[in-house]
Amino acid sequence: MWDAFRSRRWSRLLAAAAVAMAVLAGLAVAAGAWMYARAETSNVGDLDFADELAIPPLAEPTVAPDGTKVFDLRFTAGETDLVDDGPTETWGLNGTYLGPTVRAERGDRVRMDVTNGVDETTTLHWHGMHLPARMDGGPHQMVEPGDTWSPEWTLDQPAATLWYHPHLDGETAEHVYRGAAGMFIVDDPDEVPDLPDTYGVDDIPLIIQDKSFDDDGDLSMSTPFGSGIGFLGDTIVVNGSTNPHLPVTTELVRLRVLNASNARVYNLGFPDGRSFWQVASDSGLLARPHETGRLQLSPGERAEIVVALEPGERTVLRSFAPDLGPIFLGGRFDGGDDTFDIVQLRAAGELAPSPPLPDRLATVDAPDAADADVTRTFSLRGTSINGRDMDMDRVDEVVTVGSTEIWEVTNEHGRPHSFHPHLVQFSVLDVDGEEPPPELAGWKDTIYVPPDTTIRIIARFDDHADPTAPFMFHCHVLDHEDRGMMGQFVVVEPGDEPDLSGMDDERGHDH
Ligand code: C2O
Ligand code: CU
Ligand code: CU
């Protein structure tokens, strides 16, 4: 009888527990479904493209007596009208949002007079530029408020669409997000394929950032629930425009697309199904145009595309759901299902003729795997590289000048990452052992590394040895970079040892 009583009490308790667990499980499923539903973001259908796309002005250099082109770039804080609720507090260079487009030729000597006109220490890095480490504008080249830093170098690399942005250790994401970034176009007078090339007319920069705004129109930068890549915004800002159309006046228009976002991957194409031609990747022209319907760009990557329009027609450059690779739920919490209209292209009733697209664009003399002197491995996991977090005093890799190196980069887990070495243009040898697809066949400096994937890249380290100053390599998902997903390499003459002990006194100064 006692037993019966006890078992009755137990069964009542068990029943109650089962009900509670069912309720909790139900709540968890409901919460999961709610979060899953909320995780998809889109602006498709919300825009009427009423505003003409802003075009960053071209920076006007002064020419020093020795021929050096001198560009002034001044960090500026201020208010910008980005959304109706604004104005928004932003940063820019020579203006309150973004910076001018710097344009110069291979062979030019350039000096950049970078003045810090904001009240925080920052830096300005020339992403994709082949130059000495001390001129690179990485975390060591800090510019204090009020100071001017004046790096100079000679442009010596293929024609490419590069960019510049702050690179302060631990604060790159925030500074770039506020808008301190711009394009840097390198022309090569010896390699000029017949492509549309009138800046602002048929050669158009598209600097794409995703942002979120609070009710007062100010920027917010919170990481959405479940995101493995940090901040994702719900509003697309292109050159400072949030509802833009581009008036097209020529049969072909060339778009230089820069993904200047913190974490978002875009998968560009047109909803009317038209194809277009990719003519360049990050660090140079492709050997020949690559016709495609989609082009994916991870943070920091660039591409140049050429689009053909008929007189009077309109089409929209849209970002379709990106393919982030093998990720839980297709990467839905990392923007994997998001779609965004970027800019509408509006062709005039009559279009000026464009030269036909050339078959051959450039010579891409990539090194051969057989010529490699060294292979290094880089393992991406969490927000560390090879198990280590960024340390400004530590040299992670020592490269001997004159060598050709293969860097084997593996994403060891289920989160999106990318990889960007400073100093060099690289060529992709293979992706998980397979030959790279055409969009990865040209010179690059930044590459998306999908989960559980190994990418081998190859580069020549021909010059700019300096044992006393490091270059960076890092994940270009900016939140990851700021959390330490970055390392340092030093290029030395054979037999030299790196020595960073003098780096501490590297500070911007008035010149
Ligand atoms: Cu776009 Cu190390 O930078
Ligand atoms: Cu860079
Ligand atoms: Cu990463």
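Both ligands and their constituent atoms are indexed starting at 1 by order of listing.
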Modelled atom types, side-chain donor and acceptor of T148 and D113, under 3.5 Å: no
Shortest non-hydrogen contact from R294 toward G269: NH1-CA, 4.1 Å
Atom 2 (Cu) of ligand 1: protein N, O or S atoms that are less than 2.8 Å away, sorted by chain: H167 NE2, H422 NE2, H474 NE2
CG-CD1 distance between L317 and I342, expressed to the nearest 0.5 angstrom: 6.0 Å
Listed protein N/O/S atoms, distance to the Cu ion (ligand 3) under 2.8 Å: H417 ND1, C475 SG, H480 ND1
R109-T154 side chain donor-acceptor pair, cut-off 3.5 Å: yes
Side-chain H-bond candidate by donor/acceptor type, Y266 with S261, under 3.5 Å: yes
Parallel, tilted or perpendicular, as decided by the 30° and 60° cut-offs, for the rings of W407 and F489: perpendicular
Can you give each donor-acceptor pair under 3.5 Å made by side-chain atoms of residues 469-478, sequence neighbours left out, with the distance rounded to 0.1 Å?
residue, atom, partner, partner atom, Å
H474, ND1, E481, OE1, 3.1
H474, NE2, H167, NE2, 3.2
H474, NE2, H422, NE2, 3.3
H476, NE2, H127, ND1, 3.3

For E412, salt bridge (charged side-chain N to carboxylate O under 4.0 Å, His left out) partners two or more places apart: none
Any side-chain donor near an acceptor of the partner, T383 and R483, under 3.5 Å: no
